[in-house]
Every structure is written in structure tokens, then in C-alpha cells.
2 protein chains.
Amino acid sequence: MHEREFRAFVSIAETGRMDAAARQLGYSQPAITYQIKCLERSLGFKLFTRHPSGARLTGDGRMILPSVRAVLMLMDSIREPQGDRSGELPDEGAAGGTTLPLVRRRTA
Amino acid sequence: MHEREFRAFVSIAETGRMDAAARQLGYSQPAITYQIKCLERSLGFKLFTRHPSGARLTGDGRMILPSVRAVLMLMDSIREPQGDRSGELPDEGAAGGTTLPLVRRRTA
DNA sequence: CCCTTTTACGTTCCCCGTAACTATC
DNA sequence: GATAGTTACGGGGAACGTAAAAGGG
């Protein structure tokens with residue numbers, strides 16, 4: 001359940017290959033194997049079936065793919081909001097609220 | 001940008017105290033200080049202002065809180081989908097699709 | 001002085017790369 | 001024997017707890 005594992009998972013799902021994901025993300029192949037193994041262990045089910053031709057998503061893997069993509073997009077959006085600092089709030093107390101002024105993005 | 005940092009962040013935001021968050025999450029206070037320090041460093045801005053009375057959200061901290069909560073909820077939903085295995089898909093090739101059968105939940 | 005957070009330090013465990021192995025074609 | 005993935009192993013760094021210190025009422 002770590003971000004880098006999620007990125008590896010999506011990359012493999014898209015390319016169908018672990019070594020391609022490794023190159024894309026700047027890791028060695030064993031590192032990718034390890035990351036996916038950790039992710040599968042923490043989730044309790046297999047994400048890919050391994051073949052000589054590459055790695056293919058299982059039903060479970062395909063099931064969580066959209067949520068994983070959503071997590072990564074949210075994380076990217078959390079990283080962004082630097083640069084524009086004009087009308088920011090000064091300080092505030094403990095927050096119990098639910099809906100709040102979503103992350104500020106450069107483009108919007 | 002790790003899950004445990006996010007949980008610490010939300011817990012502090014809700015309680016207004018680092019030591020309360022530490023107790024709630026089962027860590028020592030220094031561990032919480034360390035986690036928030038790491039998170040602030042990786043984000044590039046402060047999340048809390050520290051006072052003798054506790055820790056209070058900065059404007060930036062308040063800004064990302066909803067997205068952080070969303071990430072945690074998504075992660076919980078990714079962990080859940082075990083237990084119901086009746087109509088699951090067998091296997092499939094590389095997935096380039098965008099919208100897919102969201103994570104199956106016990107309640108819905 | 002009390003309360004909350006931070007710094008210091010040592011230990012443990014995680015994550016990665018290199019190297020060697022296995023499996024399928 | 002080529003390609004894709006896995007296992008083995010050692011090193012560097014991350015994350016924690018205990019202990020001690022610092023900052024404000």
C-alpha cells in the first residue's frame with residue numbers, strides 16, 4: 001500500500017511487462033518484483049499472473065486499478081499547490097468539517 | 001507522502017494535539033513529530049503551527065486536508081474487497097481503459 | 001513549574017541493486 | 001539460448017522508542 005508500489009502496479013498493468021515498468025520508473029527488475037510481491041501480500045490476493053510473455057492483470061487486479069489510479073492522481077494534486085500564494089488562509093483551529101476548499105491547482 | 005503520515009496528519013488536525021494523535025495511532029510522540037516533519041519536508045510547506053496548547057493547522061494544511069482524507073478512504077476501499085467472490089473476472093490483458101468497475105464493497 | 005513538542009541516539013527493519021537461478025518458448 | 005520473472009544476499013537508509021532538552025504559559 002505504498003505509493004511506489006501503486007506506480008509499479010499501474011505501469012505493469014499498462015505495459016504488460018515488469019521489466020518495462022522497471023525501466024519506466026528507474027528501478028531494476030527485481031525491485032519491481034519485490035514491490036508487487038509486497039503489495040500482493042498486504043492486500044491478500046494476486047494482482048498479476050506471470051507468463052513468459054509478461055504479466056497480466058488478474059480479476060482482482062483489474063478491480064482495484066481505478067481506485068489506485070485515483071489515489072495517484074490525488075497525491076499528485078496534493079503535491080502541486082505550491083507557487084500561487086495570494087489569498088491563502090492564515091491559521092485555524094482543529095478541523096472537523098467534511099467538505100473544504102479542495103486543493104488549489106495551477107491550471108484552475 | 002506515506003499513508004501513516006497522512007493518518008497522523010488527519011488525527012492531529014482533528015484532535016489539535018500531537019500526543020493525542022500518537023496515543024490514538026499507537027506511536028510515541030517523537031514518532032509523530034518525525035512523521036509530520038517528513039511530510040512537511042516532502043511537501044515543501046508547514047502543515048501545523050506549534051503552540052504550548054497543541055498544534056493548529058496552517059492555511060496550507062487546511063487546504064490539503066480534504067484530499068488527504070479522500071486518499072485514506074480510497075485506500076480503505078482498496079483493502080476491503082475480499083470476502084465476496086462470486087462474479088469475478090478470470091483474467092485479462094493489459095488495461096488501457098479509464099473507467100472500470102470500481103472496487104466492490106461489502107455494504108454496497 | 002506544568003504541558004506540549006523537539007532533538008539526540010541507538011536499534012531494527014525495509015528497500016534496493018548485483019548476481020545467480022528458474023521457467024517457458 | 002533468448003526472454004521474462006524470481007530468489008539470494010549484502011549495504012545504506014528510513015522509522016521507531018527511550019531518554020533528555022527546549023519553548024511558552
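The structure displayed is predicted, hence computed values, not measured ones. When reading the values below, keep in mind they use all heavy atoms of this one structure, side chains included, and skip hydrogens, waters and symmetry mates. Letters A, B, ... mirror the listed sequences (proteins, then strands); counts begin at 1.
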- Starting at the 5' end of DNA chain C, write a dot or bracket for each base, bracketing those in Watson-Crick or G-U wobble pairs whose two distances are under 3.5 Å and using | for partners on another strand. |||||||||||||||||||||||||
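Residues forming a side-chain contact (heavy atoms from CB on, under 4.5 Å) with Ala70(A) (at least two apart in sequence, or on another chain): Leu74(B). Residues that satisfy the side-chain hydrogen bond (donor to acceptor under 3.5 Å, both in side chains) test with Arg50(B), not counting sequence neighbours, are Glu40(B). Shown here are the side-chain hydrogen bond (donor to acceptor under 3.5 Å, both in side chains) partners of Asp19(A), two or more places apart in sequence or in another chain: there are none. Under the ring-ring contact (aromatic ring centres under 6.0 Å, His included) criterion, Tyr27(A) pairs with no residue at all, not counting sequence neighbours.
In 5' to 3' order, the nucleotides of DNA chain C bounding all contacts with chain A (an atom under 4.0 Å from a heavy atom) are dC14(C) to dT24(C). Close approach of DNA chain D to chain B, defined as any atom under 4.0 Å from a non-hydrogen atom of the protein, starts and stops at dA14(D) to dG24(D).
The distance from the CG atom of Leu72(A) to the OG atom of Ser77(A) is 11.0 Å, given to the nearest 0.5 Å. Rounding to the nearest 0.5 Å gives a distance of 4.5 Å between CD1 of Ile12(B) and CE of Met18(B). The line from CG of Leu39(B) to NZ of Lys46(B) is 11.0 Å long, rounded to the nearest 0.5 Å.
The side-chain heavy atoms of Phe45(A) and Ile64(A), taken from C-beta on, include a pair separated by under 4.5 Å.
The stretch residues 17-34 of chain A comes close to DNA chain D through Arg17(A), Met18(A), Asp19(A), Pro30(A), Thr33(A), each having a heavy atom under 4.0 Å from the strand.
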Donor-acceptor pairs under 3.5 Å, side chain of residues 29-37 of chain B to any protein atom, not counting sequence neighbours: which ones?
none

Can you give the donor-acceptor pairs under 3.5 Å from side chains of residues 1-11 of chain A to other protein atoms, not counting sequence neighbours?
unit_1   : atom_1 : unit_2   : atom_2 : d
Glu3(A)  : OE1    : Arg79(A) : NH2    : 2.8
Glu3(A)  : OE2    : Arg7(A)  : NE     : 3.4
Glu3(A)  : OE2    : Arg7(A)  : NH2    : 2.8
Glu3(A)  : OE2    : Arg79(A) : NH1    : 3.3
Glu3(A)  : OE2    : Arg79(A) : NH2    : 3.1
Glu5(A)  : OE1    : Met1(A)  : N      : 2.7
Glu5(A)  : OE1    : His2(A)  : N      : 3.0
Arg7(A)  : NH2    : Asp76(A) : OD1    : 3.0
Ser11(A) : OG     : Gln24(A) : OE1    : 3.2

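Within the structure, ring-ring contact (aromatic ring centres under 6.0 Å, His included) pairs that include any residue of residues 53-74 of chain A do not occur (at least two apart or interchain).
With hydrogens and angles disregarded, no donor-acceptor distance shorter than 3.5 Å links the side chain of Ser67(A) to the backbone of Ile78(B).
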